[in-house]
Asks: 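The structure under discussion is supplied below as C-alpha coordinates; questions concerning it will follow.
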Amino acid sequence: VIEVRSQDELLYNHPTFGFFGGVEEFSAGQMYKVKVSGEDVVINAGTDADIAAMTNKGVSFVEKGYNWIGYPLLGTLTMEELNDVLQGDFVAGDKIIGKTGSAEYDAEDGWVASDGFMIEEGQGYMFYTEVDASNMIRWELPENPWAKLPSSSSAKKVMRREKSIFTYDA
(Lines give C-alpha, C1' and ligand atoms only; values in the text may rest on other atoms or scores of the structure.)
Protein backbone atom coordinates (compact mmCIF):
# COMPACT_ATOMS: atom_id res chain seq x y z
CA VAL A 1 0.00 0.00 0.00
CA ILE A 2 1.42 3.36 -1.04
CA GLU A 3 -1.29 5.58 0.43
CA VAL A 4 -4.85 5.71 1.72
CA ARG A 5 -7.06 8.77 1.22
CA SER A 6 -10.31 9.75 2.83
CA GLN A 7 -12.20 12.80 1.62
CA ASP A 8 -10.34 14.93 4.18
CA GLU A 9 -7.18 13.05 5.20
CA LEU A 10 -4.15 11.20 3.82
CA LEU A 11 -2.15 8.25 5.18
CA TYR A 12 1.16 7.84 3.33
CA ASN A 13 3.52 4.86 3.47
CA HIS A 14 7.04 6.27 3.18
CA PRO A 15 9.56 3.67 1.89
CA THR A 16 11.95 4.35 4.80
CA PHE A 17 9.86 5.76 7.65
CA GLY A 18 6.60 3.83 7.21
CA PHE A 19 3.07 5.13 7.60
CA PHE A 20 2.27 8.69 8.65
CA GLY A 21 -0.68 11.01 8.16
CA GLY A 22 -4.17 11.80 9.38
CA VAL A 23 -6.10 8.59 8.66
CA GLU A 24 -6.06 6.86 12.04
CA GLU A 25 -8.91 4.39 11.61
CA PHE A 26 -11.34 3.17 8.99
CA SER A 27 -14.93 4.06 9.79
CA ALA A 28 -17.87 2.08 8.45
CA GLY A 29 -19.94 4.23 6.12
CA GLN A 30 -16.98 6.29 4.91
CA MET A 31 -15.20 5.90 1.59
CA TYR A 32 -11.45 5.49 1.12
CA LYS A 33 -9.16 5.34 -1.93
CA VAL A 34 -6.22 2.96 -1.64
CA LYS A 35 -3.21 3.32 -3.95
CA VAL A 36 -1.11 0.17 -4.34
CA SER A 37 1.93 -0.62 -6.47
CA GLY A 38 2.22 -3.29 -9.13
CA GLU A 39 -0.17 -6.20 -9.28
CA ASP A 40 -0.82 -6.40 -5.54
CA VAL A 41 -3.46 -8.82 -4.34
CA VAL A 42 -5.90 -7.08 -2.02
CA ILE A 43 -7.68 -9.18 0.59
CA ASN A 44 -10.69 -7.58 2.22
CA ALA A 45 -10.92 -8.80 5.78
CA GLY A 46 -12.06 -7.32 9.03
CA THR A 47 -14.92 -7.04 11.45
CA ASP A 48 -18.40 -6.84 9.97
CA ALA A 49 -19.99 -3.41 10.34
CA ASP A 50 -23.26 -3.04 12.20
CA ILE A 51 -25.28 -1.84 9.23
CA ALA A 52 -28.47 -1.43 11.26
CA ALA A 53 -26.69 0.97 13.65
CA MET A 54 -25.20 2.87 10.71
CA THR A 55 -28.56 3.31 9.01
CA ASN A 56 -30.11 4.63 12.20
CA LYS A 57 -27.39 7.25 12.57
CA GLY A 58 -26.99 8.06 8.91
CA VAL A 59 -23.95 7.39 6.83
CA SER A 60 -22.72 10.63 5.33
CA PHE A 61 -23.13 14.34 5.76
CA VAL A 62 -22.83 16.05 2.42
CA GLU A 63 -22.01 19.67 1.71
CA LYS A 64 -22.49 21.79 -1.40
CA GLY A 65 -20.38 20.46 -4.27
CA TYR A 66 -18.81 17.03 -4.65
CA ASN A 67 -18.73 14.57 -1.74
CA TRP A 68 -17.41 11.02 -1.46
CA ILE A 69 -19.95 8.44 -0.35
CA GLY A 70 -19.58 4.71 0.15
CA TYR A 71 -22.23 2.06 -0.33
CA PRO A 72 -22.32 -0.04 2.87
CA LEU A 73 -24.95 -2.62 1.93
CA LEU A 74 -24.45 -5.93 0.13
CA GLY A 75 -25.75 -6.61 -3.36
CA THR A 76 -26.52 -4.38 -6.31
CA LEU A 77 -29.28 -1.75 -6.34
CA THR A 78 -31.35 -0.75 -9.35
CA MET A 79 -32.64 2.83 -9.39
CA GLU A 80 -36.07 1.62 -8.25
CA GLU A 81 -34.45 -0.05 -5.23
CA LEU A 82 -32.22 2.99 -4.64
CA ASN A 83 -35.33 5.17 -4.29
CA ASP A 84 -36.45 2.93 -1.40
CA VAL A 85 -33.06 2.53 0.28
CA LEU A 86 -31.28 5.91 0.02
CA GLN A 87 -32.95 8.53 2.19
CA GLY A 88 -32.26 12.25 2.49
CA ASP A 89 -33.53 15.71 1.59
CA PHE A 90 -32.63 15.52 -2.10
CA VAL A 91 -33.37 18.27 -4.61
CA ALA A 92 -33.72 18.14 -8.39
CA GLY A 93 -30.27 18.07 -9.95
CA ASP A 94 -28.50 16.15 -7.16
CA LYS A 95 -26.24 13.51 -8.73
CA ILE A 96 -24.57 10.21 -7.85
CA ILE A 97 -21.56 9.54 -10.07
CA GLY A 98 -19.73 6.24 -10.36
CA LYS A 99 -17.13 4.73 -12.68
CA THR A 100 -19.80 3.14 -14.88
CA GLY A 101 -22.38 5.92 -15.08
CA SER A 102 -24.48 8.29 -13.04
CA ALA A 103 -27.94 8.99 -11.67
CA GLU A 104 -29.73 12.29 -11.21
CA TYR A 105 -32.49 13.10 -8.76
CA ASP A 106 -35.81 14.19 -10.25
CA ALA A 107 -38.44 15.69 -7.92
CA GLU A 108 -41.21 13.56 -9.48
CA ASP A 109 -39.42 10.33 -10.44
CA GLY A 110 -36.71 10.06 -7.78
CA TRP A 111 -33.31 8.73 -8.86
CA VAL A 112 -33.05 8.27 -12.63
CA ALA A 113 -30.03 6.48 -14.10
CA SER A 114 -28.11 6.83 -17.32
CA ASP A 115 -27.58 3.66 -19.39
CA GLY A 116 -28.61 1.06 -16.81
CA PHE A 117 -26.36 2.45 -14.06
CA MET A 118 -26.71 0.58 -10.74
CA ILE A 119 -25.23 0.97 -7.27
CA GLU A 120 -22.84 -1.92 -6.57
CA GLU A 121 -21.45 -3.31 -3.33
CA GLY A 122 -17.84 -2.45 -2.61
CA GLN A 123 -17.86 0.62 -4.85
CA GLY A 124 -17.46 4.27 -3.96
CA TYR A 125 -19.38 7.14 -5.50
CA MET A 126 -19.38 10.90 -5.76
CA PHE A 127 -22.49 12.73 -4.58
CA TYR A 128 -23.05 16.19 -6.04
CA THR A 129 -25.47 18.80 -4.72
CA GLU A 130 -25.99 22.55 -5.12
CA VAL A 131 -27.67 22.85 -1.71
CA ASP A 132 -25.72 25.04 0.74
CA ALA A 133 -26.89 23.33 3.93
CA SER A 134 -25.48 20.10 5.31
CA ASN A 135 -27.62 17.09 4.38
CA MET A 136 -27.49 13.65 5.97
CA ILE A 137 -27.76 10.64 3.66
CA ARG A 138 -29.15 7.50 5.27
CA TRP A 139 -29.02 3.98 3.85
CA GLU A 140 -32.21 2.28 5.03
CA LEU A 141 -32.12 -1.50 5.23
CA PRO A 142 -34.42 -3.18 2.72
CA GLU A 143 -37.10 -5.45 4.18
CA ASN A 144 -34.91 -8.51 3.57
CA PRO A 145 -31.34 -7.26 2.95
CA TRP A 146 -29.96 -10.80 2.55
CA ALA A 147 -32.42 -12.02 -0.11
CA LYS A 148 -30.22 -11.10 -3.10
CA LEU A 149 -26.94 -12.50 -1.74
CA PRO A 150 -25.30 -15.64 -3.08
CA SER A 151 -24.70 -18.40 -0.53
CA SER A 152 -20.94 -17.72 -0.54
CA SER A 153 -21.24 -14.02 0.31
CA SER A 154 -19.75 -14.43 3.79
CA ALA A 155 -16.45 -15.68 2.35
CA LYS A 156 -13.53 -13.26 2.26
CA LYS A 157 -13.14 -11.58 -1.10
CA VAL A 158 -9.92 -11.65 -3.04
CA MET A 159 -9.61 -9.09 -5.79
CA ARG A 160 -6.98 -8.39 -8.40
CA ARG A 161 -6.22 -4.77 -9.05
CA GLU A 162 -7.58 -3.71 -12.42
CA LYS A 163 -6.43 -0.74 -14.41
CA SER A 164 -8.42 2.25 -13.21
CA ILE A 165 -10.52 4.26 -15.64
CA PHE A 166 -9.65 7.31 -13.52
CA THR A 167 -6.23 8.90 -13.30
CA TYR A 168 -4.91 9.22 -9.77
CA ASP A 169 -4.57 12.80 -8.64
CA ALA A 170 -2.70 13.61 -5.46
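Quick note: numbers below take in every heavy atom, side chains included, and nothing from hydrogens, waters or symmetry partners. Since this is a predicted model, take the numbers as computed values, not measurements.
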Asks: Quick check against the 3.5 Å criterion: does Asn83 have a side-chain atom that pairs as donor or acceptor with the backbone of Trp111?
Replies: yes
Asks: Under 4.5 Å between any side-chain heavy atoms of Met79 and Ile119, yes or no?
Replies: yes
Asks: Please check this pair: side chain of Asp84 against backbone of Glu81, looking for a donor-acceptor N/O pair closer than 3.5 Å.
Replies: no
Asks: Quick one: does Phe19's side chain get under 4.5 Å of His14's, heavy atoms only?
Replies: no
Asks: If you look at every heavy atom in Ala107 and Ala92, which pair is closest and at what distance?
Replies: N-CB, 4.3 Å
Asks: Look at the side chain of Asn13 and the backbone N and O of Val1, then say whether any donor-acceptor pair between them is shorter than 3.5 Å.
Replies: yes
Asks: Going hydrophobic residue to hydrophobic residue with side-chain gaps under 4.5 angstrom, can you get from Ile2 over to Phe20?
Replies: yes
Asks: Treat each ILVMFWY residue as a node, draw an edge where side-chain heavy atoms are under 4.5 Å apart, and state whether Val112 and Met118 are in one component.
Replies: no
Asks: Between Glu120 and Tyr125, what is the shortest heavy-atom contact and its length?
Replies: N-OH, 2.8 Å
Asks: Going from CG on Leu82 to CD on Gln87, what distance comes out if it is rounded to the nearest 0.5 angstrom?
Replies: 9.5 Å
Asks: Could you check whether any side-chain N or O of Asp94 sits under 3.5 Å from a backbone N or O of Phe90, counting only pairs where one atom can act as donor and the other as acceptor?
Replies: no
Asks: What is the minimum heavy-atom distance between Ile96 and Phe117, and which atoms define it?
Replies: O-CE2, 4.1 Å
Asks: For Met126 and Trp68, which heavy atoms make the closest approach, and how far apart are they?
Replies: SD-CD1, 3.3 Å
Asks: May I have the step-by-step check of ring pair (Phe, Tyr, Trp, His ring centres under 6.0 Å) for Tyr66 and Phe127, ending in yes or no?
Replies: CA-CA 6 Å; Tyr66 288 94; Phe127 180 87; 9.8 Å; no
Asks: Are the side chain of Asp106 and the backbone of Glu104 linked by a donor-acceptor contact shorter than 3.5 Å?
Replies: no
Asks: Would you find a donor on one side and an acceptor on the other, under 3.5 Å apart, between the side chain of Glu9 and the backbone of Ser6?
Replies: no
Asks: Please determine whether side chain to side chain contact (heavy atoms under 4.5 Å, CB included) holds for the pair Val23 and Leu10, giving the CA-CA distance in whole Å, both sets of side-chain angles, and the decisive distance to 0.1 Å.
Replies: CA-CA 6 Å; Val23 177; Leu10 167 69; 5.7 Å; no
